[in-house]
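Sharing a structure with you now.
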2 protein chains.
Amino acid sequence: MKMSDRKKKILQIVVDEYINTAVPVSSKSITEKHLTDISSATVRNELASLEELGYLTQFHTSGGRVPSPQAYRFYIEELMQKGNLSDKDLDYIEQAFKDKSRDVEHLIKNVTAVISELTDYTSVAVTPHADAETIRSLSLLPCGDGIALLVIMTSERILRDSFIDMPEDMGEDDLEKASKMISELFAGKALSEVRETEEQILADFGQYREVMSEVIEALKSYTRPREEDVVLSGAEKIFNHPEYEDIGNVKNFLTVIASKDKLADIIEGENDEIQINVKIGSSGDKDVPDDCSVVTATYSAGGKNLGTYGVIGPIRMDYPKVITVLENVGKALEELVGGRIKDKKDDDNEQKRR
Amino acid sequence: MKMSDRKKKILQIVVDEYINTAVPVSSKSITEKHLTDISSATVRNELASLEELGYLTQFHTSGGRVPSPQAYRFYIEELMQKGNLSDKDLDYIEQAFKDKSRDVEHLIKNVTAVISELTDYTSVAVTPHADAETIRSLSLLPCGDGIALLVIMTSERILRDSFIDMPEDMGEDDLEKASKMISELFAGKALSEVRETEEQILADFGQYREVMSEVIEALKSYTRPREEDVVLSGAEKIFNHPEYEDIGNVKNFLTVIASKDKLADIIEGENDEIQINVKIGSSGDKDVPDDCSVVTATYSAGGKNLGTYGVIGPIRMDYPKVITVLENVGKALEELVGGRIKDKKDDDNEQKRR
DNA sequence: GTTAGCACTCTCAACCTTTAAGTGCTAATG
DNA sequence: CATTAGCACTTAAAGGTTGAGAGTGCTAAC
């Protein structure tokens with residue numbers, strides 16, 4: 001059986017309608033609101049046929065129809081009409097990103113907050129872990145009590161501190177010396193290489209073996225997503241959607257949300273090539289709950305990968321809205337980061353002119 | 001009316017029973033399980049009297065009795081019998097704290113995870129913010145792109161990095177110079193003093209005014225609890241308690257939990273003097289939801305304030321268990337931190353002997 | 001002061017009934 | 001031959017009824 005234009009039109013109406021109302025769509029409502037020129041019986045025939053094709057299901061015979069995951073996928077690919085954001089929403093994005101660029105963590109938190117607010121879904125982000133970055137330098141800063149702070153500078157950014165236990169006989173001078181040695185040793189290496197050269201380094205470095213081992217552990221910990229790389233906003237938004245009036249669903253959802261590890265797995269995907277990625281239901285046999293959809297976008301701006309941001313929510317998700325928001329946030333990010341870099345360059349020029 | 005010993009005994013039974021079963025307690029069940037030597041009618045009289053005193057309430061005439069917040073308070077003060085943790089639980093604590101002491105953040109996360117696991121309630125912690133600590137030194141580490149990392153060492157610990165925008169004409173040498181100047185300027189000051197001397201410092205420091213202003217902003221941000229100072233574990237545990245079979249309650253709870261600011265307010269209390277603090281219902285007209293209790297303990301070990309840890313859950317909370325767990329975790333923490341310091345000293349001695 | 005006994009109240013679950021919504025099918029129509 | 005009107009059929013949801021069970025409050029007796 002082929003998909004006639006009319007079938008597509010009807011399918012689109014059903015999905016649109018269901019997304020907006022959360023109520024199974026009946027033939028009558030379609031003819032009343034949208035296709036006033038044909039009769040409900042005709043629509044019924046089409047609906048039955050769409051059901052046979054796997055696009056629609058019904059919970060019970062007198063319950064109207066509901067789109068299947070397959071229908072959502074088709075809808076996103078071919079039927080969906082992307083809207084524009086209202087001026088209010090655009091303003092909101094602009095305001096939110098103004099002056100709040102203090103550091104990466106705040107930016108990320110801010111981005112998820114904005115996404116969550118505008119879409120009304122729970123927003124998650126995972127920042128790129130440093131795996132592929134190369135080490136520029138390492139510093140061990142003394143901080144008393146036999147503890148030093150390890151600061152790692154990579155090609156892309158500064159990685160957050162880890163604390164390292166020092167042997168007590170190591171004075172500040174020793175520390176500085178060790179710091180320089182370590183830095184030289186690792187400079188230019190990718191973080192992902194650390195694991196492989198571990199044995200050799202430890203062997204070569206008998207003197208500071210203990211410290212070295214701790215440094216290596218710390219470096220290794222950056223090659224997988226860490227808890228602080230996963231950010232969540234608007235967990236409470238799920239209560240705004242009727243599918244989560246059932247306590248069981250909420251529990252399910254929250255249990256997933258509560259584990260940052262799982263979240264990282266869900267959000268980090270095969271998003272290397274495509275800009276926006278939609279996972280519907282248990283499509284990608286991941287840890288995504290059966291009754292959830294995940295829409296993510298991977299952003300990069302000014303040559304930097306800024307991470308993957310997205311939304312997790314019920315399958316009956318407002319895909320047009322979500323995708324539009326993600327796109328616009330992406331643009332705003334690009335402007336922010338790109339713009340900043342451009343500003344800097346302008347400054348340079350100006351200073352040179354003086 | 002006075003509280004006879006029998007009344008106290010009966011009240012204790014009611015609270016114990018209700019904590020364990022979540023079912024309103026009837027006179028019959030009391031005489032059957034606990035006070036087999038008196039009749040249910042006698043107990044009924046006592047129950048009626050306890051109700052008059054404000055310790056018990058009933059939802060409807062034939063529904064058995066339920067303790068009031070006042071009853072819980074009295075129970076905790078006078079009636080509760082603290083148990084001991086099982087060997088299994090003690091083992092669990094010991095194992096959990098082994099080798100996981102990498103840094104403060106991990107420790108805190110770990111502590112809340114343990115508390116949540118053992119009590120079966122949601123656990124929260126807030127680390128002391130640096131308000132009262134004095135600054136030991138400040139360092140600005142260059143990290144390219146006109147950005148520097150601010151590392152603050154206080155009397156107690158190292159504060160996490162903030163990124164600071166640098167004027168582009170500032171080379172690494174300038175940065176180092178500025179870093180030293182700033183460090184000298186602030187050394188010995190309490191973080192809480194920064195706010196007051198702000199004007200003067202900015203005036204004195206015309207040359208690096210912009211940078212200085214950013215440094216001051218960063219320092220100021222540590223005088224109030226920051227998001228990363230609030231840690232949460234086991235949010236999903238609430239589903240294990242029957243009061244949260246109602247979606248409305250869950251929503252309420254989660255909305256509070258979702259806001260780290262609110263959480264900080266709730267957890268940070270007037271815990272300066274007392275070790276363990278119990279807030280029941282809307283007792284302390286804080287943001288604590290009416291139907292919640294919060295039990296917190298403030299820990300310090302080895303002279304360091306390690307923060308406030310606790311549990312948030314339904315009013316019908318297993319207070320004996322929770323309090324016992326908090327106490328034992330406190331001991332374990334003390335051993336861990338105290339022990340570490342002691343180890344260090346032993347090391348010193350040994351090294352001197354050599 | 002304590003207790004047995006009983007009437008009273010209230011919830012809860014099971015069951016039934018009604019209503020409204022929506023479909024599937026059939027036969028008629030252009 | 002696609003479309004449609006018409007109607008029987010199915011089902012969920014809402015409301016009402018009933019009976020069982022649990023627990024109390026009260027009274028009178030001990």
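Every chain is numbered from 1, with letters handed out A, B, ... down the list of sequences.
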Could you state the CD-C1' distance from A/Glu51 to C/dC25, rounded to the nearest angstrom?
->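 Interatomic distance, CD of A/Glu51 to C1' of C/dC25: 15 Å.
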
How many Å lie between CZ on B/Phe59 and P on C/dC12, as a whole number?
->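 One finds 11 Å between P of C/dC12 and CZ of B/Phe59, rounded.
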
Given C/dA4, C/dA21, D/dG25, the nucleotide with the shortest approach to the side chain of B/Arg65 |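 My answer, after comparing the listed nucleotides, is D/dG25.
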
Within the pair A/Thr42 and D/dT4, is there a side-chain N or O less than 4.0 Å away from OP1 or OP2?
-> yes

Classify the side chain of B/Arg44 versus the base of C/dG5 as yes if they form a donor-acceptor pair under 3.5 Å and no if they do not.
-> yes

Mark yes when over 12 heavy atoms from residues, nucleotides or ligands other than A/Lys28 sit less than 6.0 Å from its NZ; otherwise mark no.
->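 Not more than 12 within 6.0 Å, no.
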
Atom NZ of A/Lys28 and atom C1' of C/dA21: how far apart are they, to the nearest Å?
-> 8 Å

Compare side-chain N and O positions of A/Thr61 against OP1 and OP2 of C/dT23 and report whether any pair is under 4.0 Å apart.
-> no

Per A/Ser39 side chain, nearest of listed nucleotides D/dA5, D/dG25, C/dT23 |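 Among D/dA5, D/dG25, C/dT23, the one nearest the side chain of A/Ser39 is D/dA5.
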
Taken to the nearest whole Å, CG/A/Leu50 to C1'/C/dT23 is 15 Å

Roughly, in whole Å, what's the span from CD in B/Glu17 to P in D/dG23?
->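 From B/Glu17 CD to D/dG23 P: 11 Å.
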
Quick check: are there more than 12 heavy atoms from other residues, nucleotides or ligands sitting under 6.0 Å from NZ of B/Lys260?
->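 Atom NZ in B/Lys260 is packed in, count exceeds 12.
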
Ignoring the backbone of B/Ser62, work out which of C/dT9, C/dT11, C/dT23 is nearest its side chain.
->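 When the side chain of B/Ser62 is considered, C/dT9 is the closest of C/dT9, C/dT11, C/dT23.
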
May I ask you to say what B/Ser27 touches in the nucleic acid, namely base, sugar-phosphate or nothing, with a heavy-atom cut-off under 4.0 Å?
-> sugar-phosphate

Answer yes or no: does a side-chain N or O of B/Gln58 lie under 4.0 Å from OP1 or OP2 of C/dT11?
->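 So the side-chain polar atoms of B/Gln58 never come under 4.0 Å of the phosphate oxygens OP1 or OP2 of C/dT11.
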
What is the distance, rounded to the nearest whole Å, between atom CG of A/Leu47 and atom P of C/dA21?
-> 18 Å

